[in-house]
Trainee: 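Take this structure, written in structure tokens, and hold onto it; I'll ask about it next.
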Amino acid sequence: MTGAERYPLTFSPFTIKTVTMRNRIVRTSMGSGMTVGGLVTDDVIAWHVARARGGVGLGFSDPGEVHWSSPAFLKNTSDQVVEGMRRLTDAVHAEGMQMFEQLMHGGATNIPQDGSSPWSASAVPDPGLGMVPRPMTRWMIDEVTAGFVDAARRAREGGMDGVEIHAGHGYLFSSFLSRATNYRTDEYGGSFDNRMRFLREVLAAVREGVGPDYVVGVRLSPDMAERQNDGDDVRDFAVELEAAGLVDFVDLSLGSHYGRDLLMGGVHERSGYQLAVTGDIARKLRLPTIVTGRMTSVAQVEAVLADRVADLVGMMRATIADPDLVRKTVEGREDEIRPCIACNQACAGGLNSRGRVTCTVNPAAGREIRFGDDSLRTGQPRRVVVVGGGPAGVEAARSAAVAGHDVVLLEAADELGGQLRLVRRSPYRSEVADLIPYYATALGKVGVDVRLGVTADLDAVRALAPDAVIVATGSRPRRDGFQTLHPWGPPDGFDSVEVFTSWDVLGQASLGHRVLLLDELGHYESLDVAERLTDSGHQVHWVTRFSAIAANLEMRWEMIGGPHARRLYAQDFRFYPRRVVRELQPGQARIVPIEAADRDELIEVDSFVFLSGNVAEAALYEQLRGAGIEARLVGDAVGPRLLEAATFEGQLAVRSLEPGWQRPAGLRFGQTGSAI
Ligand code: SF4
């Protein structure tokens with residue numbers, strides 16, 4: 001049975017006014033960071049074309065700018081945007097995907113182009129940006145309204161099939177719609193009707209500008225924060241807009257900058273987590289609706305449609321991780337879909353920390369022109385031995401086989417996955433380990449000779465007569481009591497106690513009730529260990545040189561760190577920021593504030609866990625080089641880093657086997673941690 005037969009609702013066409021999409025799968029709007037000067041680039045086109053070719057029905061472009069007071073990714077404030085936009089829409093249309101553009105004004109979240117204060121309903125700072133905005137006066141409202149009209153016209157001229165006005169997520173319209181942030185006493189503040197006025201006026205003006213046949217929709221999202229708009233409020237807004245005939249569809253999301261973790265739920269959120277709120281709103285509407293919320297499979301989309309929750313379903317991150325998700329499903333190849341692990345590290349996190357979207361599990365994401373699997377083909381097939389079945393090794397083996405090389409993978413354990421196997425024991429992130437069966441299947445399909453339980457020394461590798469070896473031997477936790485601010489040696493008394501690592505804790509070591517957790521990583525690994533301990537009844541004393549729990553997460557802290565912190569504080573948990581451990585004794589630890597070394601504190605604990613980072617295992621690589629065997633070193637074996645570095649370098653090593661290859665410049669990944 002084909003995917004289309006198994007999921008008949010998903011693969012039935014759907015029409016919004018004049019626009020018919022081939023199926024119900026939508027990529028909702030997200031900035032890619034690949035526009036330059038607000039204009040479409042070849043990278044942007046390749047990014048969307050890959051997903052169009054992969055079978056998505058409707059894609060949204062990068063958000064478009066409507067006024068200088070809120071810069072956005074596509075410069076819809078200039079006619080210059082139209083030419084590139086036309087190239088983009090022609091390209092995705094040729095692949096069968098329709099495209100809408102989201103038009104947005106960030107309000108209090110966004111600094112205007114001239115560096116002045118943000119524009120918003122009232123002088124209420126956004127929790128993220130924190131700048132006091134300018135309450136919008138009449139001329140400002142008029143200018144922004146005109147900006148939306150011009151921006152929509154340019155979207156239409158650029159071949160966009162429709163536009164969506166973003167009125168959620170804490171941006172400009174949210175600041176007017178919310179009682180908590182709208183302090184106005186004029187006709188734009190106070191009553192429900194007044195708070196809706198600005199949005200209604202803009203939608204009416206846009207409709208007049210683009211004409212009756214063009215698709216105009218709205219994005220709304222309950223904030224779900226104290227005294228902010230909840231699901232009932234947003235339902236009333238949506239019903240009002242529907243009754244007024246102002247929109248052709250309603251796109252529903254969840255959260256705002258007051259509840260940021262709801263925007264793009266992490267792996268702790270179940271698939272469809274937004275539907276408990278947004279589904280009720282969608283069901284109240286006769287208009288076409290879009291819902292989203294960490295959908296990872298077409299089967300889940302089908303269930304949403306079967307429950308008559310909405311007409312279209314968003315799958316943004318799932319199609320970043322695997323652009324061919326839809327096509328593989330149609331072809332009955334669901335076991336070949338590379339899973340999104342909802343880490344938010346490289347997509348939203350990459351945009352936040354590096355200004356560009358990539359993906360932790362898909363090295364080609366954001367690099368479609370140079371890194372797609374199609375560009376891997378080699379003209380000179382070689383015998384390649386990969387040593388190590390962790391994330392870097394499995395991606396290297398997969399890529400090498402896709403390229404056409406003859407590949408043997410040696411793994412010392414009796415299972416692939418490396419450190420990913422440890423994540424299985426994480427109470428809230430065990431889904432990350434779904435990468436293991438994905439890679440096991442992928443390696444089988446591309447014909448990699450996988451040999452488990454093989455310890456690869458120099459002789460074992462040499463016996464395979466490789467043309468090249470890719471060494472992905474990973475890293476191990478250091479056990480020497482290292483602290484970054486005390487690199488000269490361990491705390492006093494370190495040898496007098498037993499000190500555990502993350503591998504021990506996630507490997508189910510038996511610890512005493514009260515645990516000192518020294519965190520040098522500031523990342524997911526630390527959260528995994530802490531929650532593993534608190535969830536099993538331990539009292540955890542988290543000591544760190546950082547200022548916050550898991551301070552190094554790429555995404556804004558509230559988005560990922562927030563939910564973890566809430567769970568930790570609900571248990572027996574103490575947090576000691578900006579501290580170092582000075583001394584360990586059986587039954588106690590002495591810690592000192594970094595900025596007040598004379599104010600030491602004693603903590604009574606039974607066990608000690610040090611997350612001091614890892615040490616690279618690169619000895620085999622050096623031996624191979626010494627023996628004159630061509631070798632590449634990848635992943636943690638180069639230096640312990642995050643998962644994205646491992647998968648990317650695994651593939652990069654295969655590309656480097658091609659004659660004349662040159663290492664790309666400017667790569668940067670997470671700076672700390674290990675491969676989990
Ligand atoms: Fe999913 Fe993580 Fe890739 Fe984002 S970076 S698409 S969350 S796997």
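Just follow the structure's listing: the first ligand is 1, and inside any ligand the first atom is 1. Computation of the quantities below employed the complete heavy-atom set of this structure, encompassing side-chain atoms and omitting hydrogens, waters and symmetry-equivalent molecules.
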Trainee: Kindly assign one of parallel, tilted or perpendicular to the pair His169 and Tyr171, based on the angle between their ring planes and the thresholds 30° and 60°.
Mentor: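 The rings of His169 and Tyr171 stand perpendicular, inter-plane angle above 60°.
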Trainee: Holding to salt bridge (Lys or Arg N to Asp or Glu O under 4.0 Å), I want the full list of residues that pass it with Glu334, two or more places apart in sequence or in another chain.
Mentor: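 Here the qualifying residues are Arg6.
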Trainee: For atom 2 (Fe) of ligand 1, report each protein N, O or S atom nearer than 2.8 Å, sorted by chain and then by residue number.
Mentor: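 Listed by chain and number: Cys343 SG.
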Trainee: Which word best sums up how the rings of Phe249 and Phe60 line up, parallel for under 30°, tilted for 30 to 60°, or perpendicular for over 60°?
Mentor: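 The arrangement is perpendicular - the two ring planes meet at more than 60°.
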Trainee: CD1 of Ile436 to CG of Leu420: how many Å apart, nearest 0.5 Å?
Mentor: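 The CG atom of Leu420 is 5.0 Å from CD1 of Ile436, to the nearest 0.5 Å.
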Trainee: Tell me, please, which residues at least two apart from Tyr428 pass ring-ring contact (aromatic ring centres under 6.0 Å, His included).
Mentor: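 Listed in chain order: nothing, the list is empty.
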Trainee: Return each pair, listed once, that meets side chain to side chain donor-acceptor pair (under 3.5 Å) where at least one residue sits in residues 263-276; pairs must be two or more places apart or across chains.
Mentor: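 Only Ser271-Gln300 qualify under side chain to side chain donor-acceptor pair (under 3.5 Å).
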